[in-house]
Enquirer: 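Attaching a single structure in structure tokens format; questions to follow.
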Amino acid sequence: MVNIGFFIIASNLMDKLVIKGGHRLKGCVTASGSKNTSLPIIAATLLVGSGTFRLHHIPDLQDIKTFTQLLHHLGAETTFSENTLLLSTRNVESIQAPYELVKKMRASIYVLGPLLARFGHARVSLPGGCAFGPRPIDLHLMAMEKLGAQISIETGFIDASIPGGKLRGAHIDFPVSSVGATGNALMAAVLAEGTTTITNAAAEPEIETLCQFLIAMGATIRGTGTTELEIEGSDALQAIEFNNVFDRIEAGTLLAAAAITGGEITLNGVDPDQMKAVLKKFQHAGCQVETTANSITLKSPQKLIPTDVTAKPYPAFPTDMQAQWIALMTQAEGTSLITDKIYHERFNHIPELNRLGAHIEILKNKAVVHGPQKLSGTTVMSTDLRASASLVLAGLVAEGTTEVLRVYHLDRGYEQIEVKLNSLGAEIIREKYKEFS
Ligand code: EPU
């Protein structure tokens with residue numbers, strides 16, 4: 001803290017990425033484990049009162065650390081080493097997720113279903129605002145109520161209890177497809193009495209993997225991978241060993257990094273079937289895409305073709321790749337239209353991309369990207385995870401040096417991103433800087 005006359009200036013030491021643009025990416029890289037699969041899987045371990053889970057291929061990310069911290073707070077024992085997480089929830093006694101941890105990560109709401117199902121009571125702090133628009137939790141609460149929970153909101157907490165002592169199977173029809181609410185409903189229903197049906201369930205690979213995880217724990221779930229799920233409640237589940245799947249959004253981001261630099265890369269450790277919509281768009285943009293059962297090779301064209309995308313629930317193009325696609329389209333030969341039907345206001349990256357020289361307009365929930373624009377390096381600010389990824393992509397192709405500030409957003413969801421990009425020929429260094437407020 002510095003005191004200058006009447007002003008007190010506080011400073012925080014933070015990380016930034018300094019990117020020297022203009023390098024064509026080339027080579028092979030392996031995808032990390034999925035963040036958005038790890039989180040519900042870790043939450044699901046709360047359903048079991050004995051044994052130790054061994055979870056492999058868990059990415060070493062800030063969001064995983066925050067979530068593990070939350071489980072610690074509840075009483076779980078955890079050890080994390082070389083992407084394997086050992087977890088025992090047998091000594092969990094607390095049923096309260098405090099604001100200090102929930103405010104760091106909205107996905108903390110995932111503990112609601114499992115705590116309620118196991119202990120008959122859960123208190124979870126209400127998650128606060130989000131950088132890219134409203135993110136309500138009404139569907140999570142609706143699902144718990146359908147299963148017999150009584151919910152009240154008081155002093156900033158969701159308080160959920162079961163007057164009947166045990167959750168009861170029910171029919172849950174989601175008016176909107178929600179990954180998180182489907183995950184919570186599943187985790188509660190596996191310990192409920194009787195049969196639960198979920199219609200308009202999210203069919204994202206993250207939910208499919210959660211179903212596989214719960215089935216391996218002893219749950220009975222039919223319809224895995226579809227929008228209609230049927231769950232037979234079990235009396236008890238067991239701790240298991242599990243291999244997490246690859247991160248399809250990290251994979252898409254690395255492919256976009258190759259495409260924006262005119263490069264050619266092979267991604268290993270992936271399942272191309274989970275990325276059909278994204279790969280189709282890369283092909284439409286002129287990229288050559290070749291796949292095997294567990295790899296994707298992308299060769300960039302001489303000139304990128306402008307390609308519209310609309311982000312919608314799986315199997316459509318994911319909202320979590322929208323920002324990266326906008327960055328890519330700044331280099332396409334013409335105008336493309338990017339629409340987000342999941343988060344209508346998720347466009348914080350656009351003013352920053354424009355500061356790098358892009359020409360992007362926002363019309364309601366559409367971004368109009370006028371390409372190709374020559375980008376030139378400057379200092380830009382991350383505002384959320386995927387927005388940060390789009391700035392890194394732009395920095396890879398910008399002339400000169402781009403500094404991406406507040407990299408902590410990026411570190412929530414990308415494991416060693418600069419190490420991976422540098423191994424493909426990028427020139428990125430991480431430095432500390434002081435941010436004044
Ligand atoms: N929604 C409601 N009510 C609810 C819940 C959701 O109206 O109770 C709406 C949302 O406002 C949104 C739509 O439903 O319009 C879909 O939201 P969803 O619930 O599917 O999102 P989420 O579960 O909170 C996960 C990912 C997000 C990803 C979305 C959409 C995790 C931890 N997060 O969020 O990932 O964007 O699904 O696919 O899995 C990211 O990784 O950068 C990220 C934000």
Side-chain angles (χ1 to χ4, degrees), residues 32-44 59 61-64 66-67 70 102 104-113 124 126-146 151 153 158 172 174-187 198 200-210 227 244-245 247-253 274 277-278 310-324 339-346 348-349 365 382-390 409-415 417:
S32 291
S34 161
K35 162 181 88 79
N36 287 349
T37 299
S38 300
L39 298 170
I41 282 178
I42 295 172
L61 295 172
Q62 190 50 49
D63 269 11
I64 303 296
T66 307
F67 206 64
L70 173 56
V102 176
K104 289 189 184 168
M105 197 176 57
R106 299 183 59 82
S108 307
I109 188 80
Y110 268 137
V111 301
L112 179 66
V124 180
L126 279 169
C130 171
F132 49 82
R135 289 180 74 184
I137 50 149
D138 55 316
L139 301 178
H140 297 250
L141 305 187
M142 179 274 270
M144 298 304 118
E145 281 177 335
K146 286 272 180 192
I151 310 260
I153 308 277
I158 304 157
I172 303 168
F174 285 118
V176 172
S177 173
S178 161
V179 175
T182 303
N184 246 331
L186 270 165
M187 291 188 277
I198 307 179
N200 198 23
E204 267 69 4
E206 290 73 21
I207 292 298
E208 188 175 349
T209 305
L210 174 63
T227 55
N244 186 26
V245 298
D247 195 311
R248 64 190 174 107
I249 305 301
E250 185 213 28
T253 306
Q274 289 188 10
V278 171
T310 300
K312 287 193 290 193
Y314 190 82
F317 192 92
T319 171
D320 292 343
M321 272 297 294
Q322 175 259 99
Q324 300 88 313
T339 312
D340 197 324
K341 293 218 164 163
I342 296 178
Y343 299 117
H344 302 240
E345 299 164 30
R346 194 178 195 177
N348 283 335
H349 38 289
N365 70 332
S382 300
T383 48
D384 67 67
L385 170 55
R386 309 303 170 187
S388 318
S390 77
H409 288 293
L410 195 71
D411 292 338
R412 291 183 60 170
Y414 289 94
E415 193 178 46
I417 185 79

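Keep in mind that this is a model prediction, so the values were computed, not measured. All values below come from the heavy atoms of this structure, side chains included, with hydrogens, waters and symmetry mates left out. Whatever order the structure lists them in is the order used to number ligands and atoms, beginning at 1.
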Enquirer: Would you say Asn184's side chain and Ile109's backbone share a donor-acceptor pair under 3.5 angstrom?
Expert: yes

Enquirer: Considering distance alone, does some N or O of Pro136 sit under 3.5 Å from an N or O of ligand 1?
Expert: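 Yes.
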
Enquirer: Which atoms of ligand 1 are found less than 4.0 Å from any heavy atom of Tyr343?
Expert: 12 (C), 17 (O), 18 (P), 21 (O), 22 (P), 24 (O), 29 (C), 34 (O), 36 (O)

Enquirer: Is any side-chain heavy atom of Leu186 closer than 4.5 Å to a side-chain heavy atom of Ile207?
Expert: yes

Enquirer: Specify side chain, backbone, both or neither for His409, according to which of its non-hydrogen atoms lie closer than 4.0 Å to ligand 1.
Expert: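 Within the 4.0 Å criterion, His409 makes no contact with ligand 1.
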
Enquirer: Got a salt bridge between Asp320 and Arg346, using NZ or NE/NH1/NH2 to carboxylate O under 4.0 Å?
Expert: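 Here Asp320 pairs with Arg346 in a salt bridge, since their nearest N and O are under 4.0 Å apart.
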
Enquirer: When you measure from the heavy atoms of Lys312 to every atom of ligand 1, does any distance fall below 4.0 Å?
Expert: no

Enquirer: Return a yes/no value for Ile342: is any of its N or O atoms, backbone included, closer than 3.5 angstrom to an N or O of ligand 1?
Expert: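 N/O-N/O distance below 3.5 Å exists for this pair.
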
Enquirer: Of all the atoms in ligand 1, which lie at a distance below 4.0 Å from a heavy atom belonging to Ile137?
Expert: 4 (C), 8 (O)

Enquirer: Which one holds for Asp320 and ligand 1: side chain close, backbone close, both close, or neither close, with close meaning a heavy atom under 4.0 Å?
Expert: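 Side chain only.
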
Enquirer: Does any N or O atom in Asn36 lie less than 3.5 angstrom from one in ligand 1, N or O only?
Expert: yes

Enquirer: For Gly180 and ligand 1, does the shortest N/O to N/O distance drop below 3.5 Å?
Expert: yes

Enquirer: Mark yes or no for whether Asp384, through its side chain, and His409, through its backbone, hold a donor-acceptor pair below 3.5 Å.
Expert: no

Enquirer: Would you find a donor on one side and an acceptor on the other, under 3.5 Å apart, between the side chain of Asn348 and the backbone of Thr383?
Expert: no

Enquirer: Heavy-atom distances under 4.0 Å are what count here, so tell me which part of His140 touches ligand 1: side chain, backbone, both or neither.
Expert: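 Both backbone and side chain of His140 come within 4.0 Å of ligand 1.
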
Enquirer: Report, in ascending order of atom number, the atoms of ligand 1 lying under 4.0 Å from any heavy atom of Val176.
Expert: 14 (O)

Enquirer: Please confirm whether Ser178 comes within less than 3.5 Å of ligand 1 when only nitrogen or oxygen atoms on both sides are compared.
Expert: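 Yes.
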
Enquirer: Give, for atom CD of Gln274 and atom OG1 of Thr209, the distance between the pair rounded to the nearest 0.5 Å.
Expert: 6.0 Å

Enquirer: Enter the distance from Tyr110:OH to Asn36:CG here, rounded to the nearest 0.5 Å.
Expert: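 Answer rounded to 0.5 Å: 7.0 Å.
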
Enquirer: Given that the side chain starts at C-beta and the backbone is N, CA, C, O, which of these parts of Pro40 lies under 4.0 Å from ligand 1, counting heavy atoms, or is it both or neither?
Expert: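 Neither part.
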
Enquirer: Does Lys35 have a heavy atom less than 4.0 Å from any atom of ligand 1?
Expert: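 Yes, that is the case, since the closest heavy atom of the residue is under 4.0 Å from the ligand.
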
Enquirer: Looking at Glu206 and Arg248, is there a salt bridge between them, counting it only when a charged N and a carboxylate O are closer than 4.0 Å?
Expert: yes

Enquirer: Please say whether Val179 places an N or O atom under 3.5 Å from an N or O atom belonging to ligand 1.
Expert: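 Val179 vs ligand 1: N/O contact under 3.5 Å present.
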
Enquirer: Which value, rounded to the nearest 0.5 Å, describes the distance between Asp247 atom CG and Ser32 atom OG?
Expert: 7.0 Å

Enquirer: Under a 4.0 Å heavy-atom limit, does Leu139 contact ligand 1 with its side chain, its backbone, both, or neither?
Expert: both

Enquirer: Can you find an N/O atom of Thr319 closer than 3.5 Å to an N/O atom of ligand 1?
Expert: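 No, since none of the N or O atoms of Thr319 sits under 3.5 Å from an N or O of ligand 1.
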
Enquirer: State, to 0.1 Å, how close Pro175 and Met142 come at their nearest heavy-atom pair, and which atoms those are.
Expert: CD-CE, 4.0 Å

Enquirer: Under 4.0 Å from any heavy atom of Leu385, which atoms of ligand 1 are there?
Expert: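 Listed by number with element, the hits are 42 (O).
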
Enquirer: What's the verdict on side-chain hydrogen bond (donor to acceptor under 3.5 Å, both in side chains) for Thr253 and Gln324, showing C-alpha distance, side-chain angles and the deciding distance?
Expert: CA-CA 6 Å; Thr253 306; Gln324 300 88 313; 3.1 Å; yes

